[in-house]
Amino acid sequence: MPWGEMAYLDSGNRLPPLIFLHGTGCDASDWVPVIEGLPSERRCIAPDFRGHGQSTVPTQPFMLADLADDVLQLANNLRLQELVIVGHSLGGMVAMEVARRSSRVIGLVLLEGWTSLANAGSAFDAGRFYGSLSAAVIDQIQQKAKTTHSRFQPEIWHHFWESVTEFNAYIYLQHASIPIYEVFGGMGRNALTEKRLRIPPNPNIQWVWVPHAGHYLPHECPAEVAKVVGTLCGSP
């Protein structure tokens with residue numbers, strides 16, 4: 001990559017491959033429990049975004065759109081022709097941007113991958129963010145996020161996060177012609193939740209609610225996530 005090296009996990013050999021995109025402050029290793037719940041022959045690729053995990057920390061400004069470019073560049077380098085992308089939170093937003101740009105994407109699983117951040121914070125009742133995770137796991141998530149954030153120069157992070165807050169995938173979702181699973185934790189759901197999530201009517205979009213779960217679905221319920229991914233891919 002022009003900005004540095006992009007680290008990634010890669011296993012299995014069956015196409016189309018699954019690409020897993022993590023959330024802010026997370027990294028590829030957070031997907032391991034989900035991947036372990038999928039058939040062993042399924043090819044799973046999980047990159048670390050810029051400055052996350054083992055990837056190079058960028059020294060020049062970048063935006064969410066650049067993360068999508070990185071994913072497409074990785075797909076080019078690995079000569080991948082068809083992609084199913086599983087994205088959590090920020091990773092879901094990047095996944096939609098990749099799909100908007102490339103017809104190679106044939107399916108999306110969005111784990112609380114926000115259409116936009118405008119109303120996401122008020123879509124659920126308070127206190128559901130970490131779901132039922134233990135204090136130890138919550139601390140690990142928070143420490144990893146803190147460490148990741150500290151790697152960036154403040155102005156570079158600010159520039160990036162501004163692009164995240166400006167992201168809006170409503171029009172893309174409205175016209176999407178590929179199968180999309182919108183997956184959310186059921187904790188904190190209320191009468192206004194679905195309206196505030198701003199997911200347009202589209203017969204290609206299916207809602208999935210995971211009971212008793214909060215935002216960190218790959219951490220809280222990897223088996224349930226693997227089951228949804230398997231449904232999209234036609235795995236048993």
Side-chain angles (χ1 to χ4, degrees), residues 1-24 26-56 64-113 169 172-173 176-183 204-206 208 216-219 221-236:
M1 303 291 178
W3 51 268
E5 294 185 356
M6 186 178 199
Y8 62 94
L9 305 176
D10 190 352
S11 64
N13 54 22
R14 180 181 293 179
L15 299 179
L18 292 167
I19 295 184
F20 293 85
L21 303 180
H22 61 76
T24 308
C26 299
D27 59 35
S29 67
D30 295 309
W31 290 111
V32 171
V34 175
I35 292 171
E36 289 178 342
L38 294 167
S40 59
E41 66 271 19
R42 169 68 66 178
R43 186 176 188 183
C44 297
I45 300 165
D48 289 331
F49 287 140
R50 302 183 187 196
H52 291 68
Q54 302 302 311
S55 289
T56 301
L64 182 149
D66 294 310
L67 300 185
D69 286 340
D70 293 343
V71 174
L72 287 170
Q73 184 61 54
L74 178 63
N76 289 338
N77 292 345
L78 296 177
R79 299 181 180 180
L80 307 178
Q81 299 304 312
E82 292 185 330
L83 314 173
V84 173
I85 305 180
V86 184
H88 171 235
S89 196
L90 169 66
M93 299 165 80
V94 175
M96 286 184 277
E97 181 64 15
V98 174
R100 186 184 70 82
R101 294 174 179 222
S102 176
S103 60
R104 283 185 288 175
V105 180
I106 61 172
L108 295 175
V109 177
L110 308 175
L111 309 175
E112 306 221 345
Y172 165 72
L173 290 173
S177 59
I178 60 173
I180 298 175
Y181 282 64
E182 291 272 9
V183 187
N204 296 304
I205 297 176
Q206 296 190 48
V208 179
Y216 282 87
L217 297 170
H219 302 73
C221 47
E224 287 83 349
V225 171
K227 183 177 179 179
V228 175
V229 174
T231 300
L232 177 61
C233 297
S235 301

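- Screening residues 2-13 for salt bridge (Lys or Arg N to Asp or Glu O under 4.0 Å), with sequence neighbours left out, gives Asp10-Arg43.
- Residues meeting the side chain to side chain donor-acceptor pair (under 3.5 Å) test with Glu36, sequence neighbours left out: none.
- Among Ile180, Val98, Leu173, the single residue meeting the side chain to side chain contact (heavy atoms under 4.5 Å, CB included) criterion with Leu108 is Ile180.
- Looking at Leu217 and Val183, their side chains come closer than 4.5 Å, going by heavy atoms from C-beta outward.
- In terms of the side-chain contact (heavy atoms from CB on, under 4.5 Å) criterion, residue partners of Leu9 (sequence neighbours excluded) are, by chain and number, Ala28, Val32, Ala46.
- Atom CD1 of Ile85 sits about 11.0 Å away from atom CD of Glu97, to the nearest 0.5 Å.
- Minimum heavy-atom separation, Leu110 to Gly92: CD2-O, 3.6 Å.
- In this structure a side-chain-to-backbone donor-acceptor pair under 3.5 Å is missing from Ser55 to Gly51.
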Audit row: Met93, Thr24, side chain to side chain contact (heavy atoms under 4.5 Å, CB included) steps and yes/no: CA-CA 11 Å; Met93 299 165 80; Thr24 308; over 6 Å; no
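- Asp69 meets the side chain to side chain donor-acceptor pair (under 3.5 Å) test with Arg101; sequence neighbours excluded.
- Note: Leu80 CG to Ser102 OG = 10.5 Å, rounded to the nearest 0.5 Å.
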Derivation and outcome, side chain to side chain contact (heavy atoms under 4.5 Å, CB included), residues Leu74 and Leu78: CA-CA 6 Å; Leu74 178 63; Leu78 296 177; 3.9 Å; yes
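- Residues satisfying the salt bridge (Lys or Arg N to Asp or Glu O under 4.0 Å) test with Asp70, not counting sequence neighbours, are Arg50.
- Partners of Gln54 under the side-chain contact (heavy atoms from CB on, under 4.5 Å) rule, at least two apart in sequence or in another chain, are Ala7, Asp48.
- With values rounded to the nearest 0.5 angstrom, Ile178 atom CD1 is found 8.5 Å from Asn204 atom CG.
- Between Phe49 and Asp27, every side-chain heavy-atom pair lies at or beyond the 4.5 Å cut-off.
- Listed by chain and residue number, Tyr181 satisfy the side-chain contact (heavy atoms from CB on, under 4.5 Å) test with Gln206 (two or more places apart in sequence, or in another chain).
- Of all heavy-atom pairs between Ile19 and Pro47, the closest is CG2-CD, 4.2 Å.
- Between the side chain of Ser89 and the main chain of Gly91, no donor-acceptor pair closer than 3.5 Å is present.
- Of all heavy-atom pairs between Ala169 and Met96, the closest is CB-SD, 3.6 Å.
- No side-chain heavy atom of Val34 sits less than 4.5 Å from a side-chain heavy atom of His88.
- For the atom pair NZ of Lys227 and CG of Leu38, the computed distance is 13.5 Å after rounding to the nearest 0.5 Å.
- Applying the side chain to side chain donor-acceptor pair (under 3.5 Å) criterion to His219, with sequence neighbours excluded, gives Asp30.
- Shown here are the side-chain contact (heavy atoms from CB on, under 4.5 Å) partners of Pro179, two or more places apart in sequence or in another chain: Leu232.
- Among residues at least two apart or in separate chains, ring pair (Phe, Tyr, Trp, His ring centres under 6.0 Å) pairs with a member in residues 28-47 are Phe20-Trp31.
- Between the CG atom in Leu90 and the CG atom in Leu64 there is a gap of 6.0 Å [rounded to 0.5 Å].
- Expressed to the nearest 0.5 Å, how far CE of Met1 lies from CE of Met6 amounts to 5.0 Å.
- Here the shortest heavy-atom pairing between His52 and Gly23 reads CD2-O, 4.3 Å.
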